Amino acid sequence: MSFIFTDGERDCDSETFQVGECTKVAFTACFFDTEELKIFAMKNLGVSLVTIAAVLILLVENAPAAPPDITNSTYVIFDYWTGVFGADAAGGWGKTDGISIEQSEVSFDGSANFTRSSSDFIIERKTDELEVDYSGDDNDFRYELNFSISTNNPTENDSGTTNVSEYGRVALSNGETAYTGVLADTLVRFQQDSDVQTENLSLGFGVRQPTGVVLGDITSTFIVYTFQHQFSGGPNAPDSFGQTMSIAVDRSEFSFDGVGGVSESFVTAGFQRAFSEVVTDHSSGGDEDTRSTTTFDTDALVTDSGTDSGSYSVSTTGLVTLNVGSDVFQAQLGADGQTAAIGLTDFDGSSQYYGLTLFGFGVKQGSGMSNSDISGTYSMVDWEHIVGGSTPNAWGETDHMDLSRSTITVRNDGTFLLRDDTWSINRVITNQTADYSGGSVDDDTVSRSLFITTTQSIGPRLISGTYTLSTTGAATFTYSLEGNAQTISGQFSADGKTFVYGETEFDNTRREASASFGIAIRRLPPASSVFSLGFCPVPLDVSGLHLCVTADSGTEVQVIAAEDLASWEVINTQTATGFAVDVTDSDALNLDRRFYRLILAPW
């Protein structure tokens with residue numbers, strides 16, 4: 001990319017970011033201004049001759065001053081939650097997996113109060129090791145894996161006050177938050193919790209409940225993506241209930257005729273990972289130290305596709321019951337008629353031995369759509385589960401779970417800019433060999449499974465790319481991440497306000513399988529009359545480079561910096577006061593080049 005700077009008297013070609021030619025006095029700002037990008041450059045003519053560039057990207061649109069209106073409304077919200085637990089930090093953190101779907105109804109009155117009722121169904125899988133004496137004379141002691149499944153079904157009712165900001169942040173007095181879009185018909189939410197040997201991530205979404213709905217109101221085609229996470233049993237169930245985990249993503253098209261008939265076409269793909277054990281005689285002698293080693297088997301699920309038909313009914317509050325093929329399930333229609341939310345759990349602990357969570361989101365298919373229909377800034381939540389391994393027998397030893405929140409600006413010219421933050425849970429299951437008795441004779445070597453869990457926060461990352469849009473609202477976003485070409489394909493709603501996608505990948509060569517799901521809603525940015533980044537009156541001294549940040553009081557902003565317009569780091573987070581605040585970057589003194597962006601803090 002080439003930028004042209006000017007000081008009013010001459011142009012400066014900054015292709016190599018050498019902007020010193022613009023400087024006539026000690027500090028002069030040269031700038032280049034487009035719709036979204038303002039670049040400031042300056043050079044200190046002192047002894048150090050440090051060249052510094054400051055870059056500001058505005059990821060906001062002009063917005064009305066009033067916050068989204070959620071008053072006198074009820075929202076039906078589904079939260080998908082997953083976590084890993086364990087009491088032993090040295091090798092047991094990660095022995096227990098948990099998954100759940102929580103369904104909530106949250107009602108807001110006209111006086112900033114809310115009431116909430118919720119029900120949750122939690123499925124936990126615990127992996128233990130049983131002590132087994134193989135021969136009965138305690139000279140070939142070994143550990144064998146054992147799985148157990150437990151469930152919990154808590155309910156909760158609470159109430160309190162609420163506050164809605166101009167850019168759609170809905171804060172409840174119980175500490176929970178959600179984010180709503182332009183018309184306040186859809187909500188998205190995320191949460192990350194940490195404790196001692198505990199890490200939880202959750203993704204949520206909901207729709208405003210309608211009134212007076214009849215069959216004839218649903219006469220369109222909806223594109224629905226669902227994400228299914230399941231634990232099931234092996235041949236020795238119930239002892240092996242939990243031995244297998246499977247994840248699948250489904251894309252369906254449901255066409256409603258307005259009089260109770262529905263047809264469906266679908267494609268489902270996913271993968272499954274199973275624990276197994278290999279029994280070996282460690283010494284290859286007289287069967288004195290037989291041991292059991294944990295191995296893994298990861299396979300792609302057979303891609304399923306087909307068509308079905310059936311019937312549907314709908315309540316006046318938009319609860320749609322579908323009876324399609326052999327399946328009966330429900331979805332909550334949004335008040336805008338453009339969206340639908342799904343969340344359910346199913347459990348059988350007595351015969352088939354499975355426990356699953358399923359969540360999904362659908363949007364009304366459009367017609368005659370163009371780029372102008374989707375141009376704007378969106379808030380997106382994204383979930384991805386990756387299973388990997390270092391060797392064929394160890395494919396499945398690692399779980400990598402990512403929860404991302406993003407702000408994505410979709411431009412009319414077919415390009416986009418995305419900024420995201422990601423929380424990750426990484427669990428590795430390995431084998432450790434030890435002499436059980438600890439004596440000098442190695443006659444009871446055992447193999448134990450170690451569960452090692454780590455967490456990390458990634459970002460902020462700024463990603464740019466291009467997109468294509470069909471007339472029915474199907475969209476594909478293309479970009480490069482860490483040198484690898486990436487795509488996201490999904491569906492915009494007919495009104496262009498909501499985007500949903502889901503996909504799976506399976507690579508037998510790299511031993512990596514992944515499944516992802518995401519929702520984006522067009523957001524209301526801050527109604528900020530002031531949102532600026534520039535140099536302070538004394539921009540550079542021995543303490544560093546001084547940047548002045550100004551935004552309306554209460555606006556949460558971040559200053560991020562990079563040396564290459566690609567690898568960004570947060571150097572300051574603050575809640576603006578309405579007055580200019582000095583942000584000092586001491587690292588700038590030791591760098592030849594430095595770029596800065598002022599952005600909204602993570603929504």
Side-chain angles (χ1 to χ4, degrees), residues 60 63-81 101-120 154-193 200-211 317-318 332-336 338-339 341 343 361 377-381 403 405 407 497-498 519-528 551-557 573 575-578 600-603:
V60 298
D69 185 10
I70 65 172
T71 58
N72 301 310
S73 299
T74 295
Y75 290 82
V76 178
I77 301 172
F78 297 98
D79 286 284
Y80 165 71
W81 165 90
I101 295 289
E102 180 185 55
Q103 180 175 345
S104 304
E105 288 193 8
V106 184
S107 298
F108 301 94
D109 65 12
S111 303
N113 300 306
F114 79 90
T115 57
R116 183 178 75 108
S117 62
S118 67
S119 62
D120 199 356
T155 59
E156 184 178 3
N157 296 288
D158 61 344
S159 60
T161 59
T162 187
N163 177 267
V164 184
S165 72
E166 289 85 353
Y167 58 99
R169 183 175 186 267
V170 182
L172 306 183
S173 56
N174 64 3
E176 296 185 5
T177 58
Y179 297 82
T180 189
V182 176
L183 300 177
D185 284 319
T186 307
L187 294 170
V188 293
R189 50 184 269 117
F190 61 89
Q191 188 169 333
Q192 177 264 337
D193 291 315
N200 304 322
L201 299 174
S202 66
L203 170 153
F205 48 84
V207 295
R208 178 162 20 200
Q209 195 175 64
T211 58
T317 56
Q332 177 62 53
L333 184 70
D336 57 2
Q338 300 275 328
T339 55
F361 200 84
T377 299
Y378 296 76
S379 295
M380 184 165 73
V381 290
L403 176 65
R405 57 181 181 181
T407 299
K497 301 296 192 298
T498 310
I519 302 173
I521 59 173
R522 194 181 301 186
R523 69 183 290 190
L524 284 176
S528 178
D552 278 352
S553 179
T555 305
E556 296 180 44
V557 297
T573 300
T575 300
T577 62
L600 298 175
W603 51 272

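Every value quoted in this text rests on a predicted model; they were computed, and no experiment measured them. Worth knowing before you read on, the calculation uses all heavy atoms, side chains too, and leaves out hydrogens, waters and symmetry mates.
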Inset, instruction - Go through the structure and list residues passing side-chain contact (heavy atoms from CB on, under 4.5 Å) with Asn113, not counting sequence neighbours. - result: Asp109, Ser111, Thr161
In the structure I gave you, are the side-chain heavy atoms of [X] and [Y] within less than 4.5 Å of one another anywhere?
X	Y	value
Phe108	Val170	yes
Phe114	Asp158	yes
Phe190	Leu203	no

Hey, what do you get for [atom1] ([X]) to [atom2] ([Y]), rounding to the nearest 0.5 Å?
X	Y	atom1	atom2	value
Leu403	Gln192	CG	CD	8.5 Å
Asp120	Gln103	CG	CD	10.5 Å
Ser379	Ile519	OG	CD1	12.5 Å
Ile77	Ser118	CD1	OG	10.0 Å
Glu176	Thr162	CD	OG1	11.0 Å

Contact summary for [X] and [Y], nearest pair of heavy atoms:
X	Y	value
Asp185	Ala335	OD1-CB, 4.0 Å
Ser119	Thr155	CB-CG2, 4.0 Å
Ala178	Leu187	CB-CD2, 4.4 Å
Gly168	Pro68	CA-CG, 3.9 Å
Ile70	Ala184	CG2-CB, 4.1 Å
Arg189	Thr177	NH1-O, 3.0 Å

Inset, instruction - For Phe78, check ring-ring contact (aromatic ring centres under 6.0 Å, His included) against everything at least two apart and list the hits. - result: none
Legend entry - Gln191 (side chain) donor-acceptor with Asn200 (main chain) under 3.5 angstrom: no
Inset, instruction - Go through the side-chain N and O atoms of Ser107 and Thr74 and say whether any donor and acceptor fall under 3.5 Å apart. - result: yes
Inset, instruction - For the pair Ile521 and Phe205, evaluate side-chain contact (heavy atoms from CB on, under 4.5 Å) and give the outcome as yes or no after the intermediate values. - result: CA-CA 10 Å; Ile521 59 173; Phe205 48 84; over 6 Å; no
Inset, instruction - Could you check Thr407 against Thr377 for side-chain contact (heavy atoms from CB on, under 4.5 Å), going step by step and ending with a plain yes or no? - result: CA-CA 7 Å; Thr407 299; Thr377 299; 3.5 Å; yes
Inset, instruction - Apply the side chain to side chain contact (heavy atoms under 4.5 Å, CB included) test between Tyr75 and each candidate in Arg116, Glu105, Arg208; give the one that qualifies. - result: Arg208
